[in-house]
Structures are given as C-alpha cells and as structure tokens.
Amino acid sequence: MDAIVAENLLKKYDDLVAVNNVSFRIHESECFGFLGPNGAGKTTTMKMIQCVSPKTSGTLEVLGLDVSSKAREIKRNLGVAPQEVNLDPDLSVFENLVAYARFFDISKKEAAERAEQSIEFFQLQSKKDTLIDQLSGGMKRRLLLARSMINRPKILILDEPTVGLDPQARHLIWEQLSKLKTQGITIILTTHYMEEASELCDRIVIMDNGMILDEGRPSELIEKHLGGNIIETRDSDAVQKCLKKFSNDTKFEVAGDNVLISTSRPQEIMSTLMTDCGIVSTSVRPATLEDVFLKLTGRMLKE
Amino acid sequence: MSKVSLFSLPKISMKTWKVWRRDARVFMKTYKVNFVPPALEPILYLLALGFGLGLFVSQIDGVSYPVFIAPALLAISMMNAAFFECTYSSFVRMYYQKTFDAIIATPLNLDEVIFGELLWGATKSTIYGSIVLVVITAFGLASYPASLLIIPFSFLVGMLFSSIAMCFTALSPRIDSLNYPISLFITPMFLVSGTFFPISALPTIIQQFTYIGLPLVHVVDITRALTYGSFDFDLLLNLLWIVVVTVIITIISINLMKRRLIV
Ligand SMILES: Nc1ncnc2c1ncn2[C@@H]1O[C@H](COP(=O)(O)OP(=O)(O)O)[C@@H](O)[C@H]1O
Ligand SMILES: [Mg+2]
C-alpha cells in the first residue's frame, strides 16, 4: 500500500495558486523528497498532508484515509517537524517532549521514557534541563525532530529540517535521519539543499511555482536531464562557435561568465574543445542534483 | 474556501483539557512572577479608594464605602485575569510562539485548542477571584457563607471575558491592536458598571444601555449580592444574561479563530 496518494491536488490562498494540480505517490518506508525554491509550494503541500490546511480540490489520502474526514486518525500516526520552530519557550528540553507527548494520550511514565530515549538519540543529553532560548539553532532543530518522533509515527514529515544550520549541525542531523530510514519509517522531506535530497531521499520531486516539474530517483534525474557530466569553461564567442559544431544533443547553458555543457561523452567534447578550438582551461565534473534543479527551475533569483 | 459561519457549532472532545493542562503547566513554572501583581493591585485600590476616599463618602446604599467597592474590585479582578490571559497571552501563544500550530499537528483540532484556552482563562479568573476574596475577607468586607459562591461564579465570569477577549485576539492584526479593546471597552466599562459609584447615579438612558450591552455590570450586581449576602429576583436576569452571552460569544470566538488560522 502507498503511504500517501495525491491526485490533482490543488490549493489556492484566495486568488494565489500555491499548489497547482499535483499528483504523486509516496511508498511505505521510503524517503521521499520535495525539492524546490522558496515559494514552490512545499510547505503548503506538507500542511495539506498534515490535515491542518484544507485542500481546495483534488484527492489526498494518507495511510489510506481521506484528509478531509479522517484528520484525527491520520494525525495520530504522523510526526511533524515544521519549518518554523514552535517549541515551548517556557519549558525545558525534557519538558517540551513530555508535554507534547501528552497531546497523543501517552501516559506520563511512557512519555518520560520516550523523551529520555529521544534526547539520547538526538544527542541532547547535556541540554536536557535547558530552556529553549538557550539552545543553538541546530539543537532546536534536533529537538523538533525528537518531538516529532514522540508518538512513534508511521510517517515523518520534515519541512526543511536543516534550514539555516552550519555544515556540522546539518551532517549530524543527516546521520540521525539515515539511521531512522533503516527502521522502516516513511519519511517525507522538503528541502532546497540538493545535497540533502541526494544523500537521504530514495525518490524526489522537483517543484516550482506550485507544479511538479519532474520525479524520480536522484541519479535517474541526473542521467536523464544532464547525461551524467558537466564540462565548464569560460564563456567566449569562440567557445559558442565551437559548440555549434556538435550535434544538437549536446546541451549547453551560459551561467554568468561560464558555459556549462552537459554530456554523457565528456572526453570527446573536451578534446574537441582543446584541440580544434584551442580552448585551454576547461574542467569536467559529475553532474549533481543542483545542476538538474537549476536547469529545471531556471537561474533566476526566487524570492 | 468558503468562510466558516460565525455560528457553526465547534467540535470539542475532552482532549480540550490537554490544552488547559499545557497552559497550567507553564503557569505553575512561572507563578512566582505571575502571582504577586494581581493580588497586590486590589489591596492598593482598597486602601486608596475604600479607606482613603471612603473617609469623605459617608454611606452608599446603606453600607460603608469599603463594603460597597470590595465586590467591584473582585469583579474587576476576575474580568482582568481572564481578559488579559485571552488577549495578550493567547496572542503571544498564537502568533509568536506558534503554540497553536504545534498542538493542531497532534490529534487535537483548533476548536479544542481555543476552547482549552478559554477554560484556562476562566481558571485564571477563579485563581485571582479567590485571592482577592481572601483579601477582602481579611478586611472583613465579605459575608459568609454566600461569598463562597463567588468561587464557582468566577469561573463563569472567566468564560464570559475569555470568550470576548478571544474575539479581539482573532481580529487583531498585531499585538498592539489589543490596546484598543482595553482603552475603548474595558476601561470605560470598568468605570460605569456600578463599580465605584452606584449605577443609579447615571442618566436612565445610560443605565439601560449599560444593562443591555455591558457584561461587567451584571457581574458586579451578582458579586455584590454575594458579598452582602442579600438576594433579589433581578439576579436571575443578571445570571441569564451572562450565560446566554457567554455561550454565544464562545461559539463566535472559536469560529473567528478558525477563520484566521485555518487557511
Ligand atoms: N497562509 C498563506 N496565505 C497566503 N499565501 C500563502 C500562505 N502560505 C503560503 N503562501 C504562498 O503560497 C506559495 C507557496 O508557499 P509555501 O508552500 O510556503 O512554499 P515553500 O514552502 O516551497 O517555500 C507562496 O507564494 C507563498 O507566498
Ligand atoms: Mg516552506
């Protein structure tokens, strides 16, 4: 059975279409990523899955239940780490977890045990009795994750779990999430960090302007859109002219001062550029999800 | 999305008490800073007005001035406790701390969150009502056993002012906007509701308006009857007014909050 099935899902805020007729299926036990720039509609999609924001039209089923009529049952089995930190500032780390557990009818004793475990798993032992204000950004994010696990959810929704964190803090979170993946829990992740998506997600969709532009495994998407490799060289008339010699399937794009050529035959193109056109400084690298992302969503700044 | 009707019936289960528990837990953690001012304020009023100004006022309604204003101070404390809780404090939880967002991601719905907030506001009314009752009892200004009824009554008063407050919270774009209901509604009402001078001193037309439109006057009438220990039939009308208005405004406040937060 699929954990989540969305068909022609549409969400409007008054006249603004935030999610535009998207369809997707998220399988049980996979990590599924929503990748997209700011304003793409990721958070809105998460809120509809969480049953806190009503859909405008289309169908959306979570664990086989309709979001419009079965909110309570669905929410019992979801764990949510929201984009905006909404921890209780008057309570300590431990108290935050226990207090939250109470909303799920978890007994006091059980809640305390689970809180201890979560605190250990997310390496917050030394901050157990600290108030939220005194935590670093990374610790707050880890506490949000710990809190989202307190009801032992079947599905975890992580909306930008590492936004604004330094690399150390981000890698620590990735490590813990990789461990969770092996436990068979379904994880839905939104992010605009490509590395995060390629590291953690089995499948992703790339979203922009409320629409899904493509869907697949990260490696498949790279292969499909860019042929595997990127050659970079400085932009000039000579380069552009030279590239015209190649057949149409060699795609290139100008980005700032550079030309990016995506190809599955890097050797061939490199040698042509150097020997036939006399271009000296070129470099070749494997294509990344970021290249796919920029190709699909464009290089314009998103606000 | 069509707008929620202002009168649609909320869906509330016993889970709403979990929200009350959350607020109570935070209050207990911070009560040392919370408790003192509301207990101190009525004492100051009582000393300054009751025993200071009271020297120049011989008798009102056949009682001394401190006896006259003690129930008013009680009523005002109950009102303020609930009103401030469900305006400023609820606004902070809703807007800055995103506490409501956190709770509706659990099996609770927004109706239960808002109703739980109202229950907590009413509880604060009871807590501060009881503190002030102890104070005026110590000054010998309350008659017993009738005054004991003030404790359950303060919960109803709390629900009344919490629900009114929650409507303002739902409609306020920013926290500063909450100054308007305080200075345009609470303060004038605080002055004219038979609190510091008998309502019979006002022109008839204003008296009528007060009884139709202002909740505090009904609360003061009942509280005064309880501290005096003397009752009449009109008190049932006061009580009816409070109950009906509380039920209606509670429903409206929950629906206004849904309009604001469920988008
Ligand atoms: N509560 C809201 N009211 C009106 N517009 C909103 C609201 N929330 C989001 N939007 C708009 O919907 C679009 C999608 O936003 P969002 O889902 O937050 O995107 P993302 O999470 O991908 O950054 C944006 O244009 C945003 O401004
Ligand atoms: Mg977002």
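First the proteins, then the strands, lettered A, B, ... as listed; each starts at 1. The shown structure was predicted, so the numbers you read here are calculated from the model rather than taken from an experiment. Just so it is clear, the values below take in all heavy atoms, side chains as well, and ignore hydrogens, waters and symmetry mates.
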> How would you list, by chain and number, every residue that makes a ring-ring contact (aromatic ring centres under 6.0 Å, His included) with A/Phe24, sequence neighbours excluded?
Replying inline: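 A/Phe34.
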
> Residues in ring-ring contact (aromatic ring centres under 6.0 Å, His included) with B/Phe139, at least two apart?
Replying inline: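 B/Phe51.
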
Sort [X] into side chain, backbone, both or neither according to what part of it lies under 4.5 angstrom from a heavy atom of chain B.
| X | result |
| --- | --- |
| A/Phe103 | both |
| A/Asp105 | both |
| A/Asp88 | side chain |
| A/Leu87 | backbone |
| A/Ala71 | neither |

Which donor-acceptor pairs under 3.5 Å do side chains of residues 4-12 of chain B form with protein atoms, sequence neighbours excluded?
{"residue": "B/Ser5", "atom": "OG", "partner": "B/Phe7", "partner atom": "N", "Å": "3.0"}
{"residue": "B/Ser8", "atom": "OG", "partner": "B/Ser5", "partner atom": "O", "Å": "3.2"}
{"residue": "B/Ser8", "atom": "OG", "partner": "B/Asn255", "partner atom": "OD1", "Å": "3.0"}

> What part of B/Arg21 lies closer than 4.5 angstrom to a heavy atom of chain A: side chain, backbone, both or neither?
Replying inline: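 Answer is side chain: those atoms of B/Arg21 sit under 4.5 Å from chain A.
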
> Can you check salt bridge (charged side-chain N to carboxylate O under 4.0 Å, His left out) on A/Lys42 and A/Asp159, steps first, answer last?
Replying inline: CA-CA 8 Å; A/Lys42 306 182 296 294; A/Asp159 196 358; over 6 Å; no

> Counting heavy-atom pairs under 4.5 Å to chain B, which of A/Thr44, A/Leu91, A/Leu78, A/Ile74 comes out on top?
Replying inline: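 Most heavy-atom pairs within the cutoff with chain B belong to A/Leu91.
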
> chain B: which of A/Val80, A/Asn151, A/Val52 shares the most heavy-atom pairs with it under 4.5 Å?
Replying inline: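 Greatest number of close heavy-atom pairs with chain B: A/Val52.
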
Is any NZ, NE, NH1 or NH2 atom of the basic residue among [X] and [Y] found under 4.0 Å from an Asp or Glu carboxylate oxygen of the other?
| X | Y | answer |
| --- | --- | --- |
| B/Lys29 | A/Glu95 | yes |
| A/Lys128 | A/Glu116 | yes |
| A/Arg25 | A/Glu7 | yes |
| B/Glu112 | B/Lys18 | no |
| B/Glu85 | B/Arg93 | yes |

> Please walk me through it: do A/Lys154 and A/Thr186 pass side-chain hydrogen bond (donor to acceptor under 3.5 Å, both in side chains)?
Replying inline: CA-CA 6 Å; A/Lys154 294 195 177 121; A/Thr186 308; over 6 Å; no

> What residues of residues 162-176 of chain B sit under 4.5 Å from chain A when you count only heavy atoms?
Replying inline: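 Listed by number: none.
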
